[in-house]
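Presented below is the structure to which this report refers.
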Amino acid sequence: MNNGNVIHIGIDDTDSKYGMCTTHLAYELVKFLTKKVKFVDYPKLIRLNPNVPWKTRGNGSVSLKIETTNFNKIKPQIIDLVIELSDISKGANPGIVFYHNDIVSHKLISFSQAALFKLISRSMVKKFLNSNNLDYFSTGNGQGLIGAIGAIGYKFDDHTFELISYRKKFEIGNKRKINLDSVKLIQRKYTSIFNSYYKNRILITPHGPDPVFYGIRGDDIKSLIYASKLIQTKEKPKGYMIFKSNQGTSSHLDNIIDTSKFEPYSSGKIIGSVSKHPIVNHGGHVVFAITDNSNDVKCISYKPTKLTNVSMSLIVGDIVCVGGGIRKASKLHDRILNIEFIEILKLTKHFKLINPRCSKCNKNMKSGGYNQGFKCIKCKAKSSKKVICEIPRNIKLGLYIPIPTAHRHLTRPYQRIGIKNTNTAFDKTIPWFHVYDHDFSGE
Ligand code: ATP
């Protein structure tokens, strides 16, 4: 279907670390457009390459899909709202793209894929917009246009949902107070909900001065709505919106990294054999190397991910698939892959040369000194050489991911392994957008 009245609106780079939030802007935009247009899909929250150096938090961008015969009238109103709700004075560079077609072209899909895996330059995006005759608006340096196209062009192979609840204006900056037991309850009751807490730490609340109160993530949209009713708090949020998202899918790691280039800031995975023994560095992080197609690349597991134990257990010759982002080189270190998962595909046998055992006493023999062979201290029997012994491996084949407190938004949690949501239908009967009260005096 090519319906000329269907428009995708992609938006990015509206916030700064001092305030605002692109998802909140999308919430306000939906509130503004509710009676003016028809929504033909869920709002999308797309996390692009998490290794871009200028991201504020999770490199999130949003898009809405609407149907309207009144576009010329609402377009300037949308632009005004984006400007009003962007933290431009603190460095935000908002970009908006209006894509006038129901079906998204392959070119946008490819652009979005590149934005998920690599670094895209501002000159590339300008060229792309002009050569594809796209309708757009930007302020500042136009950086936000990359995410705006990325959100429109993202093609889901798997998806999750996030219900994001927003704070009233006077609450922004205050501590978020939510009852931990109620968070534990929603995760127990709705098994499709993930990463809500870890041990006694709540993971649904951010910590900054932004308008997000909490975000509940899961596979089933209805469960999110029921769960949000069970969250116990004294604070009265102003409303919520549900986004369809690539969070929890690890889609940024589907890319096979070209180890001959090993480009900084790109994301993806590498299959290779361990070529340098793991060592622990000063910070307690573990560094090792793998070889793929004769290219040796360094890998690092950071302490907070708790992938350090499994990394330390690797030995030269093990075959692994490692996923993550490439950190650029500095004066002190080379380019290195920041590990986000390790999958052990094959464990090599671990042999070690050890002192021989006495065949009579069954005791380990002691070295008699340099070139002096070995001697049993009990019966004085002698032996000339060390013997080869197989050391049992203390790890198993399989996938290892960081603990939930060290997850990126995109990380696929253990709970979602083997799960793929492919139903793309938009159920407009589901209350995916809701304003709690119609008295906006608290705004
Ligand atoms: P939040 O998660 O709070 O919405 P953020 O982490 O998304 O914030 P932004 O302020 O939006 O941070 O900054 C990210 C910027 O990076 C945006 O301008 C976006 O267009 C741009 N960007 C996204 N992906 C890429 C990429 N692959 N290459 C270059 N720039 C990118």
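Side chains are part of it too, since the values below use all heavy atoms of this structure and drop only hydrogens, waters and symmetry mates. This chain uses plain numbering: 1 for the first residue, then up along the sequence. In each ligand, atom 1 is the first atom listed, and ligand 1 is the first ligand listed. Quick caveat, the model's predicted, so the values are computed rather than measured.
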>> Between Lys90 and Asp15, does the salt bridge (charged side-chain N to carboxylate O under 4.0 Å, His left out) criterion hold? Intermediate values first, please.
In response: CA-CA 8 Å; Lys90 305 243 173 61; Asp15 54 7; over 6 Å; no
> Is it the side chain, the backbone, both or neither of His252 that has a heavy atom closer than 4.0 Å to ligand 1?
Replying inline: neither
>> One residue to check: Asp12. Relative to ligand 1, which of side chain, backbone, both or neither has a non-hydrogen atom less than 4.0 Å away?
In response: side chain
Check this for me - ligand 1, [X], N or O atoms closer than 3.5 angstrom, yes or no?
{"X": "Gly58", "result": "yes"}
{"X": "Leu119", "result": "no"}
{"X": "Thr56", "result": "yes"}
{"X": "Thr14", "result": "no"}
{"X": "Ala148", "result": "no"}
{"X": "Gly60", "result": "yes"}
{"X": "Leu145", "result": "no"}

Over all atoms of both residues, closest heavy-atom pair of [X] and [Y]:
{"X": "Ile46", "Y": "Gly150", "answer": "CG2-O, 4.4 Å"}
{"X": "Gly284", "Y": "Thr308", "answer": "O-CG2, 3.6 Å"}
{"X": "Leu410", "Y": "Arg47", "answer": "CG-CB, 3.7 Å"}
{"X": "Ile193", "Y": "Ala227", "answer": "CD1-CB, 3.5 Å"}

Take every heavy atom of [X], measure it against each atom of ligand 1, and state whether any distance is under 4.0 Å.
{"X": "Arg47", "result": "yes"}
{"X": "Asn93", "result": "no"}
{"X": "Gly144", "result": "yes"}

Aromatic ring pairing [X]/[Y], orientation class (parallel under 30°, perpendicular over 60°, tilted between):
{"X": "Trp432", "Y": "Phe39", "result": "perpendicular"}
{"X": "Phe433", "Y": "Tyr27", "result": "tilted"}
{"X": "His285", "Y": "Tyr302", "result": "perpendicular"}

Check each of [options] against [atom] and report the one with the nearest heavy atom.
{"atom": "atom 4 (O) of ligand 1", "options": "Asp15, Val62, Ile11", "result": "Asp15"}
{"atom": "atom 24 (N) of ligand 1", "options": "Leu116, Asn59, Asn49, Leu25", "result": "Asn59"}
{"atom": "atom 21 (C) of ligand 1", "options": "Phe117, Tyr265, Trp54", "result": "Trp54"}

> Will you find, in the side chains of Thr22 and Thr14, an N or O donor that is under 3.5 Å from an N or O acceptor?
Replying inline: yes
How close does the nearest protein non-hydrogen atom get to [atom], and which residue and atom is it?
{"atom": "atom 18 (O) of ligand 1", "answer": "Asp13 OD2, 2.5 Å"}
{"atom": "atom 26 (C) of ligand 1", "answer": "Val52 CG1, 3.4 Å"}
{"atom": "atom 28 (N) of ligand 1", "answer": "Ile120 N, 2.8 Å"}
{"atom": "atom 27 (N) of ligand 1", "answer": "Lys118 O, 2.7 Å"}
{"atom": "atom 31 (C) of ligand 1", "answer": "Ile146 CG2, 3.6 Å"}

> Any side-chain heavy atom of Cys299 sitting closer than 4.5 Å to one from Val287?
Replying inline: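 A side-chain contact under 4.5 Å is absent here.
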Short list, please: which atoms of ligand 1 are under 4.0 Å from a heavy atom of [X]?
{"X": "Lys55", "result": "6 (O), 12 (O), 13 (O), 14 (C)"}
{"X": "Arg57", "result": "2 (O), 3 (O), 5 (P), 6 (O), 8 (O)"}
{"X": "Gly147", "result": "19 (C), 20 (O)"}

> side chain to side chain contact (heavy atoms under 4.5 Å, CB included) with Pro237: which residues, sequence neighbours excluded?
Replying inline: Ser165, Phe213, Tyr436
>> Applying salt bridge (charged side-chain N to carboxylate O under 4.0 Å, His left out) to Lys184 and Asp181, what does each step give before you reach the verdict?
In response: CA-CA 5 Å; Lys184 289 186 173 176; Asp181 289 335; 5.0 Å; no
> Could Lys36 and Phe32 be counted as a cation-pi pair, given that NZ or CZ must be under 6.0 Å from the ring centre and within 45° of the axis?
Replying inline: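 Verdict for Phe32: a cation-pi partner in Lys36.
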> Under the 6.0 Å and 45° cation-pi test, does Lys44 pair with Tyr154?
Replying inline: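 Judged by the rule (NZ or CZ under 6.0 Å from the ring centre, within 45° of its axis), Lys44 is not positioned above Tyr154.
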